[in-house]
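A short worksheet on the structure shown next.
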Amino acid sequence: MAFTLPELGYAYNALEPHIDARTMEIHHTKHHAAYTTNLNNAIAGTDLEGKSILDILTHLDMNNMPVRNNGGGYFNHNLFWEILHPENKGRLSGALADAINEAFGSKEQFMEKFSAAAMSRFGSGWAWLCVHPGGKVDICSTPNQDVPVMPGVGCGGTPIMGLDVWEHAYYLNYQNRRADYVNAFWNVLNWNVVEKKYEAALK
Ligand code: MN
C-alpha cells in the first residue's frame, strides 16, 4: 500500500500569527505532498514496497538518495504536524520533564539548547529531541531531510520532537529571520504529544 499525505488535524490558519496560513498550506499541499509522491515512486516495484516508513528509514542504504530524501521528508513532516497545536497544548510534565531536567538542568535550558541547534543548522535541515533506550534524551540536528533513525545520522535515537528549519517552513512570513520563527515555534508546540511519544519510545 502506498504512503498517503496525512491530514493536519487543524486548519492552515490555526497556528497564526506564529506560523502563517499560506506557509502551512504550501508546506503541506506542495512540499509534503511531493515527498509523499516521490517516496511512493522511489519504492514502487522494489523490496521496500509494503514496509513501514520506520522500517525503511532504520535499515536504509544511505546511498539511495531518492528514498533518503523523500522518505525522510515524508516521515519528518508527519512528525512535525503532529507536535504542533494552536493552543500550545499541555505543559512539560511527568517522565519527560524528569528526563529533560536530568539532561539539560531545566526546561528553559532545554529550550535554549534546542533553539541553538535549530539556529546553527547551516542551510536546510532539522533540530531534534531524541530518546535513547533507558529514557535518556538528547538534542541533535540533521541536514536536509535526514532522520536520526537513519544509519549513522544525528543522535541515533528515536525522534519525539522536530523543528523544520528549511526556508520553506518560514520564509514567506519571516524572510531571513529564522530566530523569530524558532521563537514562535514554542508558542504552538504540543507538549502533550511530545510526552506521549516519549512514553511510547520507552516501551
Ligand atoms: Mn518542510
Side-chain angles (χ1 to χ4, degrees), residues 2-43 53-54 56-57 60 62 64-86 88 114-130 139-150 153-155 158-190 193-194 197:
F3 292 107
T4 54
L5 184 68
E7 297 290 325
L8 292 191
Y10 41 81
Y12 290 127
N13 65 1
L15 306 179
E16 291 192 339
H18 308 292
I19 306 179
D20 66 286
R22 186 141 187 269
T23 296
M24 287 300 294
E25 182 169 6
I26 294 171
H27 204 169
H28 183 238
T29 64
K30 306 293 182 193
H31 294 277
H32 196 188
Y35 296 127
T36 307
T37 301
N38 293 338
L39 169 63
N40 285 329
N41 291 339
I43 63 173
I53 187 62
L54 207 53
I56 290 173
L57 300 180
L60 185 67
M62 294 297 278
N64 186 342
M65 294 314 291
V67 175
R68 181 174 172 181
N69 290 334
N70 295 292
Y74 175 73
F75 176 90
N76 292 344
H77 290 84
N78 285 357
L79 175 65
F80 189 47
W81 309 138
E82 213 184 327
I83 63 156
L84 299 178
H85 193 279
N88 195 202
F114 186 92
S115 295
M119 284 306 299
S120 60
R121 163 54 50 198
F122 182 77
S124 298
W126 292 74
W128 300 105
L129 176 66
C130 292
I139 288 169
C140 64
S141 152
T142 58
N144 304 313
Q145 295 296 353
D146 283 356
V147 190
V149 298
M150 289 174 176
V153 167
C155 14
T158 303
I160 57 171
M161 173 180 156
L163 176 57
D164 188 346
V165 294
W166 282 58
E167 284 188 342
H168 69 222
Y170 62 87
Y171 204 86
L172 289 178
N173 192 35
Y174 293 101
Q175 293 82 51
N176 62 325
R177 303 187 309 276
R178 187 189 285 186
D180 291 352
Y181 161 73
V182 171
N183 287 335
F185 162 72
W186 297 109
N187 294 317
V188 288
L189 173 64
N190 189 338
V193 170
V194 181
K197 287 187 173 294

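Counting starts at 1 for both ligands and their atoms, in listed order. None of the values given here were measured: they were computed from a predicted structure.
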*Could you pull out the closest heavy-atom pair between H28 and P6, with the gap in Å?*
NE2-O, 2.8 Å
*Just wondering, are more than 12 heavy atoms of other shown residues or ligands nearer than 6.0 Å to CZ in R177?*
yes
_In the protein, N/O/S atoms that are found under 2.8 Å from the Mn ion (ligand 1), waters not counted_ = H27 NE2, H77 NE2, D164 OD2, H168 NE2
*Would you check if the distance from the ring center of W126 to the ring center of H77 is below 6.0 Å?*
yes
*R68 pairs by side-chain contact (heavy atoms from CB on, under 4.5 Å) with which of V147, L57, D146?*
D146
_Closer than 3.5 angstrom, by distance alone: can the side chain of T23 be matched with the main-chain N or O of I19 as a donor-acceptor pair?_
no
*If you measure SG to SG, does C140 sit under 2.5 Å from C155?*
yes
